[in-house]
Undergrad: 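Have a look at this one before I ask anything.
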2 protein chains.
Amino acid sequence: MEQESEKATRKPRADSLRNREKLLAAAHDVFSAGGPDASLEKVAKTAGVGIGTLYRHFPTREAMFQAVYKREVDQLVELAARLAEEKPPFEALRQWLHAQIGMVATKKGMLAALTPAAGSSDALYADSSARMLAAIGRLMAAAIEAGEIRDDLAPEDVMRALLGMCYTREQAGWQEKVIRLMDVFLDGLRIRGD
Amino acid sequence: MEQESEKATRKPRADSLRNREKLLAAAHDVFSAGGPDASLEKVAKTAGVGIGTLYRHFPTREAMFQAVYKREVDQLVELAARLAEEKPPFEALRQWLHAQIGMVATKKGMLAALTPAAGSSDALYADSSARMLAAIGRLMAAAIEAGEIRDDLAPEDVMRALLGMCYTREQAGWQEKVIRLMDVFLDGLRIRGD
DNA sequence: TGCAAAACGGAGGCACCCTCCGTATAAATT
DNA sequence: AATTTATACGGAGGGTGCCTCCGTTTTGCA
């Protein structure tokens, strides 16, 4: 019988992986729409699984937030890499920032949920933050090298501008407003070929 | 029949006023201890009234927060005036700041509760804030005139220091820690008679 | 003192939280 | 392919909180 560790680790079941993924997708949707206090039973129903399955995968609300958050960071970092390859530098930066806005809706719940228990999840947070800054840094560097944007802003500055704009998230429809604000900002960032 | 306005306004019932006051006191205690999501039924029970009575006086959770908040601002402004009369200037300032810390526990729930619905309660907020700054300004002016503290800080600065320190409110027992921090800060503020 | 307006209190219906366990199913074994 | 067995599934159920509604009690006024 072949096994690498002393513990007999069976291959994880396919349905388990499927359900985990379905739950994460559903959680993203539900929390984006309903805020951090949205019902976990609604998440389970949206995912099409039982409430028991949800709790087995994510024992606490915060565990669920963290998993969603990490997944989104992964996706955004990957998206940055793909955009950098496929699009002109400025356009890549623009599209990536737009994608960011969609994420903040969830991060909102994240922040509220993580703050009280701070300390347990600091590492996750710091790491994600660093990766995000690195990703935006690469996009900006490319645009600067192409002579498309100013070179006197740091990645942190752009990040702060983005998050600051999102701080007005209150009424319905804030995402559209922030996208417009962000486009104005990008217009200011751009070097025009006059 | 004598009445001042066209509407026949009967004198408010004594029990109503009593219960309202009991509810506000209970709400302060419960929210301080349990945070903004504390149970309203616990508030009613602590106050010794039925849940129906609570909802009649404060139809929504936010209405309750606002009432508690306003009451605390009133009390603190009044306390500032009394301390200014009865205590030496520096001691008055110190005791008032300590009292402030007790309030933040409730304001925490306040902020979380007010933010989403911003706009409906802006006026209340701005007014309270101004009154608080005026109160601390008077205490500081007295201490400056007596030569007890430095004169190069504005009321806003001290307020910001206080709130910044309170931002670490997470674990149990944060109030004690903040009181110690605040005393250190006050020690720095003080002009020593060397 | 009598009476009607106003306030009281808690039962009841609903939603959500989380646990527990009988049933179903996928991986391992033969 | 059939059997075994570890693992995952789903939802009923017990508990708590939210808020409404209405019969009962209290209070101000005449």
Side-chain angles (χ1 to χ4, degrees), chain A residues 1-27 29-31 33-67 109 112-113 116-117, chain B residues 1-27 29-31 33-67 109 112-113 116-117:
Chain A
M1 34 189 79
E2 73 287 59
Q3 3 173 321
E4 301 174 29
S5 88
E6 64 171 358
K7 204 155 195 183
T9 48
R10 199 183 240 206
K11 183 161 63 166
R13 283 176 52 160
D15 53 348
S16 174
L17 295 176
R18 263 198 316 269
N19 280 334
R20 184 188 168 82
E21 198 54 31
K22 278 195 283 186
L23 277 167
L24 284 174
D29 293 350
V30 171
F31 287 127
D37 293 334
S39 151
L40 293 184
E41 298 195 329
K42 186 164 188 175
V43 172
K45 178 167 285 184
T46 303
V49 306
I51 185 68
T53 300
L54 183 151
Y55 276 98
R56 203 169 321 99
H57 282 286
F58 308 102
T60 67
R61 185 179 283 265
E62 188 180 329
M64 173 142 246
F65 280 141
Q66 289 191 15
Chain B
M1 38 186 79
E2 73 285 59
Q3 8 175 313
E4 302 175 28
S5 88
E6 64 170 359
K7 202 157 196 181
T9 48
R10 199 184 237 202
K11 183 161 61 165
R13 283 175 53 161
D15 54 347
S16 174
L17 294 176
R18 262 199 317 269
N19 280 336
R20 186 187 167 82
E21 197 54 31
K22 278 195 283 185
L23 278 166
L24 285 174
D29 292 351
V30 172
F31 286 128
D37 293 334
S39 151
L40 293 184
E41 299 195 331
K42 184 164 189 176
V43 172
K45 177 166 287 184
T46 302
V49 306
I51 186 67
T53 300
L54 183 151
Y55 275 98
R56 201 167 324 100
H57 281 286
F58 308 103
T60 68
R61 185 179 282 267
E62 188 181 328
M64 173 142 245
F65 280 141
Q66 288 191 15

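Any value given below was found using the heavy atoms of this structure, including those in side chains, with hydrogens, waters and symmetry copies removed. Here is the naming used below: chain letters follow the sequence lines, and residue numbers restart at 1 for every chain.
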Undergrad: A/Leu40 has a side chain; which of D/dC9, D/dC19, C/dC18 sits nearest to it?
TA: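 Of the candidates, C/dC18 comes closest.
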Undergrad: Which whole-number value in Å describes the distance from A/Lys22 NZ to D/dA8 P?
TA: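 Computing the A/Lys22:NZ to D/dA8:P distance gives 15 Å.
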Undergrad: Can you check side-chain contact (heavy atoms from CB on, under 4.5 Å) on B/Arg20 and B/Leu23, steps first, answer last?
TA: CA-CA 5 Å; B/Arg20 186 187 167 82; B/Leu23 278 166; 5.8 Å; no
Undergrad: Between C/dA6 atom P and B/Arg20 atom CZ, what is the distance in whole Å?
TA: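 Distance, rounded to whole Å: 17 Å.
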Undergrad: Strictly below 4.0 Å: does A/Ser39 bring a side-chain N or O up to OP1 or OP2 of C/dA15?
TA: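 No.
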Undergrad: Quickly work out the B/Tyr55 OH to C/dG12 P distance and round it to whole Å.
TA: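 In whole Å, C/dG12 P lies 18 Å from B/Tyr55 OH.
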Undergrad: To the nearest 0.5 Å, how far apart are CG in B/Leu54 and CE in B/Met64?
TA: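 Here the rounded value is 4.5 Å.
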Undergrad: Quick one: A/Leu54 CG to D/dA8 P, roughly how many Å, whole number?
TA: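 Checked: the CG to P distance equals 15 Å.
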Undergrad: Where each residue is assigned the nucleotide of DNA chain D containing its nearest heavy atom, which of A/Asn19 and B/Arg18 is assigned the position nearer the 5′ end?
TA: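 Mapping each residue to its closest nucleotide by heavy atoms, the 5'-most match is A/Asn19.
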Undergrad: Give the rounded distance in Å between these two atoms: CG of A/Leu23 and C1' of D/dA8.
TA: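 So the two atoms are 12 Å apart, to the nearest Å.
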Undergrad: Between A/Glu41 and B/Leu17, which has a closest nucleotide on DNA chain C that is more 5'?
TA: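 Comparing both residues, the 5'-ward one is B/Leu17.
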Undergrad: At under 4.0 Å between heavy atoms, what does A/Thr53 touch on the DNA or RNA strands: base, sugar-phosphate, or nothing?
TA: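 A/Thr53: base contact, heavy atoms under 4.0 Å.
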Undergrad: Do other residues, nucleotides or ligands put more than 12 heavy atoms under 6.0 Å from B/Lys22 NZ?
TA: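 Yes, the 6.0 Å shell around NZ holds more than 12 heavy atoms from other groups.
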Undergrad: CD of A/Glu21 versus P of D/dC9: gap in Å, rounded?
TA: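 After rounding, the reported distance stands at 14 Å.
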Undergrad: Quick one: NZ on B/Lys45 to CD1 on B/Ile51, what's the gap to the nearest 0.5 Å?
TA: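 Going from the NZ atom of B/Lys45 to the CD1 atom of B/Ile51 covers 10.5 Å.
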Undergrad: Which nucleotide in the list D/dC19, D/dA12, C/dA7 gets nearest to the side chain of A/Ile51?
TA: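 For the A/Ile51 side chain, the nearest candidate turns out to be D/dA12.
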Undergrad: Mind calculating the distance between CZ (A/Arg10) and P (D/dT4) to the nearest angstrom?
TA: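 Interatomic distance, CZ of A/Arg10 to P of D/dT4: 14 Å.
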Undergrad: If each of B/Lys42 and B/Lys11 is mapped to the nucleotide of DNA chain D with the nearest heavy atom, which maps nearer the 5' terminus, i.e. the 5' end?
TA: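 On the 5' side of the pair lies B/Lys42.
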Undergrad: Within this structure, what is the NE2-to-C1' distance between B/His57 and C/dC8, rounded to whole angstrom?
TA: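 After rounding, the gap between these two atoms is 9 Å.
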Undergrad: Look up atom CG in B/Leu24 and atom CG in B/Asn19, then write down how far apart they are to the nearest 0.5 Å.
TA: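 Going from the CG atom of B/Leu24 to the CG atom of B/Asn19 covers 11.0 Å.
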Undergrad: Any donor-acceptor pair under 3.5 Å between the side chain of B/Arg13 and the base of C/dA7?
TA: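 Per atom types, no contact qualifies.
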Undergrad: Regarding A/Ala44, tell me which of base, sugar-phosphate or nothing describes its non-hydrogen contacts under 4.0 Å with the strands shown.
TA: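 Answer is nothing: A/Ala44 stays at 4.0 Å or more from every strand.
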